[in-house]
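Just follow the structure's listing: the first ligand is 1, and inside any ligand the first atom is 1.
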Amino acid sequence: MGNKTMQKVDQAGRAGRVLVLDDEPVIQDVLRNLLEKSGYEVTVLGDAAAARKLLSEDGDWDVFLLDFMLPDEDGMEVLKFARKLHPELVVVMITAFGTVENAVSAMKLGAFHYLTKPFKNEEVRHLVAQAARTSSLRRENRDLRKALEEKYKFEKIIGKSRRMQELYRFIDQVASSTSTVLIQGESGTGKELVAQAIHRRSLRAAKPFLVVNSHSIPAELLEDNLFGHARGAFTGAVGAKRGLLELADGGTILFDEISTISGDVQAKLLRVMQEKEFLPIGALESRKVDVRILAATNENLRDLVGEGRFREDLYYRLAVISIDLPPLRRRVEDIPLLAEHFLARYIKENRKEVEGFTPDVMAVFMEYGWPGNVRELENVVERGVVLATGDRIEVDSLPADLFGPGRTPMVPALVEGVGLSQAVADFESALIRAALEQAGGVQKKAAEILGLKPTTLNEKIKRLGITH
Ligand SMILES: Nc1ncnc2c1ncn2[C@@H]1O[C@H](COP(=O)(O)OP(=O)(O)OP(=O)(O)O)[C@@H](O)[C@H]1O
Ligand SMILES: [Mg+2]
C-alpha cells in the first residue's frame, strides 16, 4: 500500500495536486522533493494570508498539508476556512511532536489525518497517497450523487422507482390544467412536495402557492383566515381583512388534511369551487377569485363520505384527479437514494465528516416498514449524522424503533435443510397471516393490503393451509 503504482494518475501523468502550507524552509523543501518524486504537482506557501487568497481562487486540490504553527495565524483557523469553502478538500495537519491534542481537535473539524514532526519519508508518502485516494473517492461520490439526483429528481421529489417515475409523468400531465387534484397518501409520503411540484410546473408558477393546514386551526379562525372579513364583521374586527383565497388569487392553494375541515367550511369551499366566488365574513358582496385548489389527506376520504363525515358532492369535486402516493415500504428501491440525499443534506448542515452508511445500516433500512415514510427516514438519517463518531453511520446510532415490531423482515434467515420453495411458502404464509390480522380477519381487506385479488388470496389460504 502507498507505493506509486497504487496511486491514481490523471491524464497529465500526475498523481494529484498537493498544496503545502508551512513556514519552515526545511520542511517546505523536504515535502516538495518527496512529493514531486512521487508524481504530485506541489504548490508550497509560507503564510496563512497567501493560502486564504489561493484557496479562494482555486479549490481543486487533492491534498492540503497544513501546519498548525503559522507566522500570521493559527493553522486551525485556516483549516476551518478551507473546509467551509471546499467541503470535499482532504486536509492533513502537520503537528509538532507532543501536541497531538491539537491534531485530535483538528480531526473533529474535518481534517483527514495528521503528520507528527519529525516525520519519516515513507510515512508522508503513505499518508498522502491515502489522502489522495480519499479525495478522488469523495469527488466520485459527489459526482455520482449529483448525476443520480438529476436523473431521479423531479422538482424537490426524489425517487427512481417505477411508481415515482410514473408519478412525475402524471404530475406533468395534470399540472397545466386548472383541475382540482386530491393527493392521498400516508403521513410523510411527500404529499406537500407533490402539491408544490404541481404548482411549479403549472402556468401559475409565478403566482402564490399557499398551504392551509385545516388541522391546526380552530374552525372559526380557519374561516376567517380563508375568507377574510369586512370591517366590523364581529367584535374586534376593526379593519377589513383579506383572506388567503384572495391572497392566492391567480395561484394555488393546498388544503392540507382536508378531511379535518368542518361541515360549514366544506359547504363554503364547495361554493368557491362551483361559483369561483366567495363571501368574506360580514361582507355584502361576494368576490371573484381564480385559485386552483389542491387537497391532501392521509385518511381515506371515500370512507369518510361513507360514514357521513365528509360531503359527497365536495369529494367528487375534489377528486376529479387523484394521486395516490405509495408508502415507502412499497418502493424500497428508493430507500438508498433517499438516504444518500438526506445524508448529504445533514452532513452539510451539521458540518460533519461522514462518508456513508455501513452495509448493516442499509440492510436495516431496507427491511424496516417505515410507518412514518420518507419523513421518518429523513429523521433517522439526521439523527445518525448528529450521533456519528466515526466516518460512517453505524447500527448503534439508529433508534430502537427500527428493530421493533414495525420491522418487516424481507429476507428471512437462511436455515439449513430448508429449500427455496419451502422458505418462500413460509414467508408467504407469514405475510398472509399478518395481512389477515391487520384486516381483522376480513379476507377481502387482506387481499387489498397484499395487492391480490380476493380469489387469489383465497386459493393461497387453502393451499398453504392457513387457519384464521
Ligand atoms: N420523495 C421525496 N423526496 C425527497 N424528500 C421527500 C420525499 N417525500 C417526502 N420528503 C420529505 O419528507 C418530509 C415529509 O414530506 P411531506 O411534508 O410532503 O409529507 P406529507 O405526505 O405531507 O406528510 P403529512 O401527511 O404528515 O403532512 C419533508 O421533509 C419532505 O421534504
Ligand atoms: Mg403534509
Sub-4.0 Å heavy-atom approach of Glu257 to ligand 1: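 No; Glu257 lies far enough from ligand 1 that no heavy-atom distance drops under 4.0 Å.
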Would you call Gly185 a ligand 1 contact, heavy-atom distance under 4.0 Å?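 Contact absent.
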Ligand 1 to [X] polar contact by distance, N or O atoms, under 3.5 Å:
X: Arg375; result: yes
X: Arg331; result: no
X: Met164; result: no
X: His341; result: no

Which bit of [X] gets closer than 4.0 Å to ligand 1, counting heavy atoms only: side chain, backbone, both or neither?
X: Thr189; value: both
X: Phe342; value: side chain
X: Leu338; value: side chain

Nearest non-hydrogen partners of Leu294 and Ala195, listed with the distance: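 Distance-wise, the nearest heavy atoms are CD1-O, 3.7 Å.
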Ring center gap for Phe403 and Tyr368 short of 6.0 angstrom: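 Judged by ring-centre distance (under 6.0 Å), Phe403 and Tyr368 do not meet the cut-off.
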Are [X] and [Y] close enough that a side-chain donor and a side-chain acceptor fall under 3.5 Å?
X: Asn225; Y: Lys241; answer: yes
X: Asn458; Y: Gln443; answer: yes
X: Asn373; Y: Glu186; answer: yes

Please report the C-alpha distance between Gln165 and Tyr152 in whole Å, then the side-chain angles of each, then the deciding distance to 0.1 Å, and finally whether the side-chain hydrogen bond (donor to acceptor under 3.5 Å, both in side chains) criterion is met. CA-CA 8 Å; Gln165 299 285 326; Tyr152 298 127; over 6 Å; no
Sub-4.0 Å atoms of ligand 1 with respect to non-hydrogen atoms of Lys156: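 Once the distances to Lys156 are compared, the set is 3 (N), 4 (C).
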Not counting sequence neighbours, which residues clear side-chain hydrogen bond (donor to acceptor under 3.5 Å, both in side chains) with Arg345? List them please.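 Scan of Arg345 (side-chain hydrogen bond (donor to acceptor under 3.5 Å, both in side chains), adjacent residues dropped) gives Glu378.
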Option whose closest heavy atom lies nearest to atom 15 (O) of ligand 1, chosen from Ser161, Ser187, Gly190: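 Answer by nearest heavy atom: Gly190.
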